[in-house]
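For reference, the structure discussed in these notes is given below.
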Amino acid sequence: PAAAEADFFPMLVLDAVLTGAKGVNLWAAFRGAPQRKARLYTRLVDEGLATQVSGALLPTIDPFLYTLSFTAADRVALQTLEQAVDAEIDRVRTVGISGEELSRAKRQLRARLIFDNDSVTNIAHQLGYFETVAGADYLVNLPGRVARVTADEVSAVARRRLAPSSRTTGWFRPNG
């Protein structure tokens, strides 16, 4: 979803549940250690199917792609990894998330939003960026919008946005 759409906030929480919170500062969104309690990390890395898990939800003026990426562990078939990812996404779509997952995701996002303001440069970048993407008050209202997200909203956005017919999967298999 676009940054100004109502779906953006539950989707941001969903990404935090699946892969860990990254915040919304484009300069800082891809920094940080993986969050080992994130659902896809525990399902894929802890079970030996993958060596890395990441996700990216970028706040943009128009709808943009939500991406998930994984690195398969040695001798794990890419089909096996894809099936495990699809099963976990489908579980979120049908069963939903737990209260503990929702609370953890919100805490992590709150912390990331604070860390996103760790320098004058980051603050200036965010003010300018969000003025063009979603309006001057977006950044100020963001923590409150995240705090109000419910588990039902996260499940509903997963059903709408992560349907199998909306997914595109690509494999990169290096030669030799």
Side-chain angles (χ1 to χ4, degrees), residues 1-3 5 7-60 62-109 111-113 115-116 146 149-176:
E5 290 181 48
D7 274 1
F8 183 81
F9 305 100
M11 193 73 189
L12 190 62
V13 173
L14 176 60
D15 176 57
V17 168
L18 292 175
T19 66
K22 271 88 60 198
V24 294
N25 181 335
L26 297 182
W27 291 358
F30 303 102
R31 284 190 295 168
Q35 293 170 5
R36 289 178 165 75
K37 293 212 177 214
R39 188 179 278 216
L40 288 174
Y41 189 96
T42 60
R43 173 68 174 95
L44 303 175
V45 177
D46 288 353
E47 293 183 17
L49 296 174
T51 60
Q52 122 3 83
V53 170
S54 64
L57 177 66
L58 302 176
T60 53
D62 295 311
F64 192 66
L65 300 174
Y66 171 58
T67 59
L68 295 170
S69 66
F70 316 94
T71 303
D74 285 342
R75 294 182 282 284
V76 171
L78 297 179
Q79 293 97 334
T80 302
L81 182 57
E82 182 181 343
Q83 289 168 352
V85 170
D86 287 344
E88 206 56 43
I89 290 171
D90 290 339
R91 197 173 116 216
V92 170
R93 293 180 69 244
T94 57
V95 178
I97 64 170
S98 70
E100 180 182 332
E101 287 177 307
L102 178 66
S103 295
R104 182 182 319 112
K106 287 180 177 184
R107 281 192 315 271
Q108 290 174 350
L109 281 166
R112 285 301 325 153
L113 294 173
F115 289 135
D116 282 353
V146 168
V149 170
T150 67
D152 288 341
E153 289 173 319
V154 173
S155 298
V157 80
R159 284 191 298 277
R160 281 193 303 278
R161 301 285 180 160
L162 301 182
S165 62
S166 298
R167 298 179 206 161
T168 300
T169 301
W171 296 349
F172 174 69
R173 185 178 293 139
N175 293 330

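Here the side chains of Phe70 and Leu40 are in contact, with some heavy-atom distance below 4.5 Å. Side-chain contact between Arg167 and Asp86 is present, with heavy atoms from C-beta onward closer than 4.5 Å. By the 4.5 Å heavy-atom criterion applied to side chains, Val92 and Ile97 are counted as neighbours. Looking only at side-chain heavy atoms (C-beta outward), Val85 and Glu88 stay at 4.5 Å or farther from each other. Taking 4.5 Å as the limit, some side-chain heavy atom of Pro1 sits within range of a side-chain heavy atom of Leu57. A 4.5 Å side-chain heavy-atom check between Arg93 and Pro164 finds at least one atom pair inside the cut-off. Annotation: side chain of Thr168 is not in contact with side chain of Leu65 (no heavy-atom distance under 4.5 Å).
Summarising the geometry of Leu102 relative to Thr150, their closest heavy-atom pair is CD2-C, 4.1 Å, with the distance given to 0.1 Å. The two residues Lys22 and Gly55 make their nearest non-hydrogen contact at CE-O, 3.0 Å. Nearest approach of Val76 to Leu49, heavy atoms of both residues: CG1-O, 3.6 Å. Of all the heavy atoms in Leu81 and Ala50, the pair that sits closest is CD1-CB, 4.0 Å. Taking every heavy atom of both residues into account, Ala73 and Gly48 meet most closely at CB-O, 3.3 Å. For the residue pair Thr42 and Arg39, the shortest heavy atom distance occurs at OG1-O, 3.0 Å.
Summarising the geometry, atom CZ belonging to Arg104 is positioned 5.5 Å from atom NZ belonging to Lys37; distances are rounded to the nearest 0.5 Å. Distance check: Thr94 OG1 to Arg91 CZ gives 8.5 Å after rounding to the nearest 0.5 Å. In this structure, NZ in Lys106 is found 13.0 Å from CG in Leu113, a value given to the nearest 0.5 Å. For the atom pair Arg43 CZ and Leu18 CG, the distance stands at 13.0 Å (nearest 0.5 Å). One distance of note links CG of Leu12 with CG of Leu58; it measures 10.5 Å at 0.5 Å rounding. Atom-to-atom distance recorded for Glu82:CD and Thr169:OG1 is 4.0 Å, nearest 0.5 angstrom.
A side-chain contact (heavy atoms from CB on, under 4.5 Å) with Gln52 is found for one member of Val45, Leu44, Thr71 and no other, namely Thr71.
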In sequence, state the C-alpha distance, the side-chain angles, and the governing distance for Met11 and Leu162, and then conclude on side chain to side chain contact (heavy atoms under 4.5 Å, CB included).
CA-CA 10 Å; Met11 193 73 189; Leu162 301 182; 3.9 Å; yes
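Between Arg161 and Glu5, at least one side-chain nitrogen of the basic residue sits less than 4.0 Å from a carboxylate oxygen of the acidic one, meeting the salt-bridge criterion.
In this structure, Thr19 contributes its side chain and Asp15 its backbone to a donor-acceptor pair below 3.5 Å. Proximity of a side-chain donor or acceptor of Gln108 to a complementary backbone N or O of Gly20 within less than 3.5 Å is not detected.
With a 6.0 Å radius and a threshold of 12 heavy atoms from other residues, nucleotides or ligands, Glu100 has its CD atom at or below the threshold.
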